[in-house]
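Written out below as structure tokens is the structure these notes cover.
Please read these numbers as outputs of a predicted model, since none were measured by experiment. In what follows, chains carry the letters A, B, and so on, assigned in the order in which the sequence lines appear, proteins first and then strands, with residues in each chain numbered from 1. The basis for the numbers below is simple: all heavy atoms, side chains too, and nothing from hydrogens, waters or symmetry mates.
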2 protein chains.
Amino acid sequence: MYTCQGPHHIGLEVQPEDALGSPSNEDSPVRRETLSRDRVLSAAIECADSNGIESLSMRSLAQELGVVPMALYKHVTNKDDLLDGMIEAVVGEIVSDPTTGEWKHDVRQRILAARAALRRHAWSRAVLESRSAMTPAMLDYLDSLTGLFLAGGLSVDLTHHVMHALGNRMWGFSQDLFAATPRSDTQSFNTQRAALPRQHPHLAEIARAALRDEPGSGAGPGCDEQSEFEFALDLVLDGVGILHATGWSSASAT
Amino acid sequence: MYTCQGPHHIGLEVQPEDALGSPSNEDSPVRRETLSRDRVLSAAIECADSNGIESLSMRSLAQELGVVPMALYKHVTNKDDLLDGMIEAVVGEIVSDPTTGEWKHDVRQRILAARAALRRHAWSRAVLESRSAMTPAMLDYLDSLTGLFLAGGLSVDLTHHVMHALGNRMWGFSQDLFAATPRSDTQSFNTQRAALPRQHPHLAEIARAALRDEPGSGAGPGCDEQSEFEFALDLVLDGVGILHATGWSSASAT
DNA sequence: GACCCGAGGTGTACGACGTACACCTTCACT
DNA sequence: AGTGAAGGTGTACGTCGTACACCTCGGGTC
């Protein structure tokens with residue numbers, strides 16, 4: 001955790017012999033080791049993982065590291081750079097299974113791997129979507145994914161359009177706009193639920209069916225997020241497979 | 001525009017007879033009319049439209065309305081409520097074409113209508129995605145969209161999954177992760193562009209093809225955002241059509 | 001006319017936040 | 001011993017959302 005900042009360091013009061021006289025003795029790290037970009041980034045990631053991205057500030061991060069806020073700016077140019085570094089690290093966590101040559105299978109694996117990595121860090125979706133420019137790791141991932149389509153024999157034309165069509169689904173998230181009313185107090189939740197059928201009959205019908213199929217299965221109102229994601233992904237990939245098989249090209253489109 | 005705050009109102013200095021003595025004479029509104037939730041919301045929308053959502057603060061909005069910041073809180077409980085009200089208004093702008101009974105066509109129309117409404121307000125995508133709970137207008141839209149599938153004869157099971165599969169595409173945006181490096185300075189843009197082919201051969205290949213097809217057609221690196229969106233939408237809808245025609249159900253899925 | 005009451009606008013203030021800028025340590029290398 | 005840079009500190013500024021106490025009206029009741 002490292003929330004210690006134990007000896008109440010004021011920068012001068014630290015005893016030199018105890019702290020610096022035994023650099024090889026790390027059983028009681030009264031003197032923290034020097035900062036680095038990596039240490040800042042992993043502390044930031046850890047903090048965002050456990051406390052949520054909205055409570056990650058330069059000040060709280062500095063405190064977590066037992067350091068004054070401005071110290072971070074020696075390793076990170078500003079907060080945007082910090083966020084870029086964080087997603088860079090998370091995207092770098094995506095593991096690439098060996099390819100089989102069957103493009104649909106390979107793409108599926110790769111995207112599910114991305115999903116697994118990004119889901120380990122709940123904040124990554126929001127941060128990724130808020131960035132305007134791409135980081136190197138993002139470009140690497142995108143390039144490898146594109147390569148899988150091309151290796152499968154899809155035309156660059158079709159591949160291009162498919163990458164657009166995947167949209168943010170290529171990162172493994174799907175937005176889940178049905179899992180709304182997530183954490184609101186039970187009061188308003190119940191009144192809303194009660195008022196739903198008359199106001200929104202179609203939504204009510206779906207909710208009823210979903211609840212019947214998987215009663216109280218935890219996540220959301222009876223929806224298995226993972227299988228919903230895979231359903232949507234396969235829908236797109238199968239559609240692309242058909243276009244590929246029938247020789248689609250953008251010139252011949254409607 | 002209403003950036004005036006002309007007579008430098010201090011609340012007391014306003015002349016009663018000039019301002020209040022002629023309520024029917026609105027040619028020189030030296031006394032601003034009273035605030036209301038609607039006036040606050042439409043000023044906020046106007047401000048976000050022209051200056052971007054990131055520069056919309058309670059303070060700037062109050063200034064735009066010629067009012068002290070805290071005055072807004074008489075009409076809006078807090079900034080989140082303001083944002084909710086703004087998207088509520090924008091989503092309410094979605095026009096519903098008359099339905100034809102052909103579900104694929106109707107859904108397509110409805111989603112493109114949503115796209116048109118949300119694109120009039122560039123900030124709406126980010127705000128919509130940042131909200132956790134749904135507003136009434138959002139529920140209305142979702143319900144009507146769901147109703148189109150059900151009216152077309154799709155099972156509630158399939159409809160449910162399709163709504164999930166549409167994800168945020170049902171609101172008419174697609175994230176466009178290929179239009180990256182949007183406004184960065186030409187310096188780094190060029191170096192990045194130069195370094196791209198060796199680092200990311202597949203992306204380079206696609207970029208080359210796209211540039212050849214539509215050389216310098218403005219928007220992004222040769223991508224027509226609108227047709228990309230429609231491509232992806234049709235891909236999903238056609239896929240759903242196939243599932244529907246072949247009697248898909250979640251029980252029979254792999 | 002006197003009263004009051006509540007809706008709506010004001011003023012001040014607090015505790016976040018990101019970060020500019022000048023400073024001080026420390027340490028490797030000359 | 002001397003120097004210069006790398007890394008940590010302290011202070012300060014401007015911005016944000018908003019709590020809280022106030023003031024000012026216009027309209028309803030007695």
In whole Å, I'd like the distance from the [atom1] atom of [X] to the [atom2] atom of [N].
X       : N      : atom1 : atom2 : answer
B/Arg39 : C/dA7  : CZ    : P     : 20 Å
A/Leu65 : D/dT9  : CG    : P     : 11 Å
B/Leu56 : D/dG17 : CG    : C1'   : 12 Å
B/Asp81 : D/dT18 : CG    : P     : 10 Å
B/Arg37 : C/dG8  : CZ    : P     : 13 Å
B/Leu82 : D/dC16 : CG    : P     : 14 Å
B/Gln63 : C/dT10 : CD    : C1'   : 16 Å

Below 3.5 Å is the cut-off: list the nitrogen or oxygen pairs between protein and nucleotides 19-23 of chain C, distance only.
{"from": "C/dT19", "atom 1": "OP2", "to": "A/Tyr73", "atom 2": "OH", "distance (Å)": "3.0"}
{"from": "C/dT19", "atom 1": "OP2", "to": "A/Lys79", "atom 2": "N", "distance (Å)": "2.9"}

Can you name the residues that form a ring pair (Phe, Tyr, Trp, His ring centres under 6.0 Å) with A/His121, not counting sequence neighbours? A/Trp123
With a 4.0 Å cutoff (strictly under), does any side-chain N or O of A/Thr34 reach OP1 or OP2 of D/dG7? no
Is any side-chain nitrogen or oxygen of A/His75 closer than 4.0 Å to OP1 or OP2 of D/dG8? yes
Lys/Arg N to Asp/Glu carboxylate O, [X] vs [Y], below 4.0 Å:
X        : Y        : value
A/Asp81  : A/Arg37  : yes
B/Arg131 : B/Asp80  : yes
A/Glu129 : B/Arg125 : no

Stepwise, does the side-chain contact (heavy atoms from CB on, under 4.5 Å) test hold for A/Trp171 with A/Ile111? CA-CA 6 Å; A/Trp171 297 107; A/Ile111 290 181; over 6 Å; no
A/Arg115 to A/Phe173 six-membered ring, cation-pi geometry met (6.0 Å, 45°): no
